[in-house]
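Below you'll find the structure, written out as structure tokens, and then a few comments.
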Amino acid sequence: MIRSLLFLLLPALACAQQPLIDSGNIVVPGATPRLVSHAFAFTEGASTDRDGNVFFTDQPNNKIWEYDVNDHLSLFMDSTGRSNGMYFDPQGNLITCADEHDQLWSISPRRQVRVLVRDYQGHRLNGPNDCWVDARGGIYFTDPYYQRPWWDRTQPDISGQDVYYLPPGASQPILMDSSLVKPNGIVGTPDGRHLYVADIQDGKTYVFTIGADGRLSDKRLFVTMGSDGMTLDERGNVYLTGGGVTVFSPSGKRIAHIPIPEKWTANLCFGGRDKRTLFITASEGIYVLPMQVAGVEP
């Protein structure tokens with residue numbers, strides 16, 4: 001999601017890569033992240049389906065890969081609209097932030113593509129980056145601006161870098177929040193009551209209350225750390241990425257740090273048959289780590 005910022009962030013990342021810390025007892029004792037493959041240009045978009053199979057993107061190579069519950073890695077789809085962040089909807093379709101033309105896509109299990117969002121009020125979006133789908137099928141997504149080498153433009157059509165919501169069945173997103181500097185990672189709680197959004201440029205993560213109509217309110221600071229991708233576990237712990245994986249309790253207490261031996265840790269989700277394997281996309285590689293807690297993605 002943020003390769004253009006890596007050179008600015010590398011000194012901070014070197015400090016962030018501390019030994020594994022686990023005061024919350026979430027990692028299987030003695031376990032460390034295991035490299036599955038290092039054969040990609042830049043991995044992103046980790047998301048799991050109902051069965052625990054994990055899908056992730058190799059955005060520079062324009063591909064989506066699948067890592068199944070039998071530890072088998074295979075190409076799921078080529079020519080993916082430069083998909084970035086992803087999340088499964090209640091029907092089993094893969095919702096992707098396809099920023100080749102700054103769109104939101106739905107990809108069926110049979111690889112049929114439907115474009116959900118083409119623009120915002122006639123203007124080209126900055127570049128949908130990460131998304132989360134609620135139980136009704138509504139989609140929250142972040143829209144920061146990161147200049148891409150495959151674009152034919154060098155400046156945004158929209159001045160703000162904002163958070164949007166696409167109601168079920170709609171074709172135009174609704175602006176939800178315009179107060180962040182550069183929103184990136186986003187994830188909601190299973191009960192649909194709260195939404196976490198990371199402002200990666202400002203180094204903060206916020207939590208919002210979600211109303212019955214999908215509107216966001218009661219914005220409050222969760223932690224003074226930004227994030228690329230994000231996920232939650234069954235205890236309500238929040239997993240942030242960047243310099244490895246840092247985990248916070250629901251109250252915002254730092255309870256774990258999982259170092260990853262890569263320049264940048266971009267995204268993560270829980271996969272496997274019991275959703276107790278933490279799957280991590282980090283630069284050119286993908287890693288897995290056995291956990292004592294399960295994920296909450298449907």
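Just so you know, these numbers come straight off a predicted model, no measurement behind them.
Taking Q155 as the reference, nothing meets the side-chain contact (heavy atoms from CB on, under 4.5 Å) condition, with sequence neighbours excluded. For D157, the salt bridge (Lys or Arg N to Asp or Glu O under 4.0 Å) test picks out no residue, with sequence neighbours left out.
Counting only heavy atoms from C-beta outward, the side chains of I64 and L94 approach each other to under 4.5 Å. At least one side-chain heavy atom of T209 sits under 4.5 Å from a side-chain heavy atom of S217. Contact check for I95 versus S106: side-chain heavy atoms found under the 4.5 Å cut-off. Contact of the V223 side chain with the K253 side chain is not registered, since no non-hydrogen atoms from C-beta on lie closer than 4.5 Å. Using a 4.5 Å heavy-atom cutoff, the side chains of P250 and N237 are in contact. Side-chain contact between I26 and R235 is present, with at least one heavy-atom pair separated by less than 4.5 Å. Between Q292 and P29, the closest side-chain pair of non-hydrogen atoms falls below 4.5 Å. Here the side chains of K275 and V296 are not in contact, with every heavy-atom distance at 4.5 Å or above.
Between the side chain of T96 and the backbone N or O of M86 there is no donor-acceptor pair closer than 3.5 Å. Listed for the R148 side chain is no donor-acceptor partner under 3.5 Å among the backbone atoms of R82. Judged by distance alone, the side chain of D130 and the main-chain N or O of G229 form no donor-acceptor pair under 3.5 Å. Side-chain N or O atoms of T205 include one that pairs as donor or acceptor with a backbone N or O of M225 at under 3.5 Å. Checking side-chain atoms of N126 against main-chain N and O of D143 turns up a donor-acceptor pair under 3.5 Å. Between the side chain of Q172 and the main chain of Q121, a donor-acceptor pair closer than 3.5 Å is present. T281 places no side-chain N or O within 3.5 Å of a backbone atom of A46 that could act as its donor or acceptor partner. At distances below 3.5 Å, not a single donor-acceptor pair connects side-chain atoms of S283 with backbone N or O atoms of F42. Judged by distance alone, the side chain of Q161 and the main-chain N or O of Y145 form a donor-acceptor pair under 3.5 Å. Side chain of D177 to backbone of S179: a donor-acceptor contact under 3.5 angstrom is found.
For the atom pair OH of Y146 and CH2 of W151, the computed distance is 10.5 Å after rounding to the nearest 0.5 Å. Going from atom CG of D162 over to atom CG of L125 covers 10.0 Å, rounded to the nearest 0.5 Å. Rounded to the nearest 0.5 angstrom, I255 CD1 and T246 OG1 are separated by 11.0 Å. Atoms CD and OG1, on Q59 and T57 in that order, are 6.0 Å from each other to the nearest 0.5 Å. To the nearest 0.5 Å, atoms CE (M176) and CD1 (I210) are separated by 10.0 Å. For the atom pair CG of N61 and OG of S79, the computed distance is 11.5 Å after rounding to the nearest 0.5 Å.
For the pair Y87 and P298, the tightest heavy-atom approach, listed with the atom from each and the gap, is OH-CD, 3.5 Å. Minimum heavy-atom separation, L35 to S37: CD1-O, 3.3 Å. Residues S171 and L166 approach most closely at C-CD1, 4.0 Å, considering heavy atoms. When all heavy atoms of T43 and G285 are compared, the closest pair comes out as OG1-O, 3.0 Å. Shown here for L232 and Y196, the closest heavy-atom pair between the two residues is CD2-CE1, 4.1 Å. Between L180 and K219, the shortest heavy-atom contact is CD2-NZ, 3.7 Å.
Note on F56: it does not cluster hydrophobically with I260, by side-chain heavy-atom contacts below 4.5 Å among ILVMFWY residues. In the hydrophobic clustering of ILVMFWY residues, with side-chain heavy atoms under 4.5 Å counting as a link, V181 and L221 come out apart. I186 is connected to L175 through a chain of hydrophobic side-chain contacts under 4.5 Å among Ile, Leu, Val, Met, Phe, Trp and Tyr, so both are in one cluster. A continuous path of Ile, Leu, Val, Met, Phe, Trp and Tyr side chains, each step under 4.5 Å between heavy atoms, connects L216 with V133, placing both in one hydrophobic cluster. W264 and M230 are members of different hydrophobic clusters when ILVMFWY side chains are connected at heavy-atom separations under 4.5 Å.
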Working note: M77 + V113, criterion side chain to side chain contact (heavy atoms under 4.5 Å, CB included); need CA distance, chi angles, decisive distance, verdict.
CA-CA 11 Å; M77 186 175 171; V113 174; 3.4 Å; yes
Let's go through Y206 and D199 carefully: what are the C-alpha distance in whole Å and the side-chain angles of both, what is the deciding distance for side chain to side chain donor-acceptor pair (under 3.5 Å) to 0.1 Å, and is it a yes or a no?
CA-CA 8 Å; Y206 296 92; D199 189 338; 5.4 Å; no
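Salt bridge annotation for D152-R124: present, with a cationic side-chain nitrogen under 4.0 angstrom from a carboxylate oxygen. Using a cutoff of 4.0 Å between basic side-chain nitrogens and carboxylate oxygens, K263 and E284 are scored as salt-bridged. Salt-bridge check for D202 with K204: passed, with a basic side-chain N closer than 4.0 Å to an acidic carboxylate O.
Of the candidates T48, V288, L268, T231, V288 is the only one forming a side-chain contact (heavy atoms from CB on, under 4.5 Å) with F279. When the options W65, Y67, F55 are evaluated for a ring-ring contact (aromatic ring centres under 6.0 Å, His included) with F76, the one that passes is F55. With respect to F270, the side-chain contact (heavy atoms from CB on, under 4.5 Å) criterion is satisfied by exactly one of M291, R276, E297, E234: M291.
Within a 6.0 Å radius of CZ in R153, other residues, nucleotides and ligands contribute more than 12 heavy atoms. When the shell of 6.0 Å around CZ of R111 is examined, it contains more than 12 heavy atoms from other residues, nucleotides or ligands. Within 6.0 Å of atom CZ in R34, more than 12 heavy atoms from other residues, nucleotides or ligands are found, so the atom counts as buried in its surroundings.
Residues in residues 52-74 take part in these salt bridge (Lys or Arg N to Asp or Glu O under 4.0 Å) pairs, two or more places apart or across chains: K63-D78.
Using cut-offs of 30° and 60° on the angle between ring planes, the pair F141 and Y164 is parallel.
In this structure, a donor-acceptor pair under 3.5 Å is absent between the side chains of N62 and W150.
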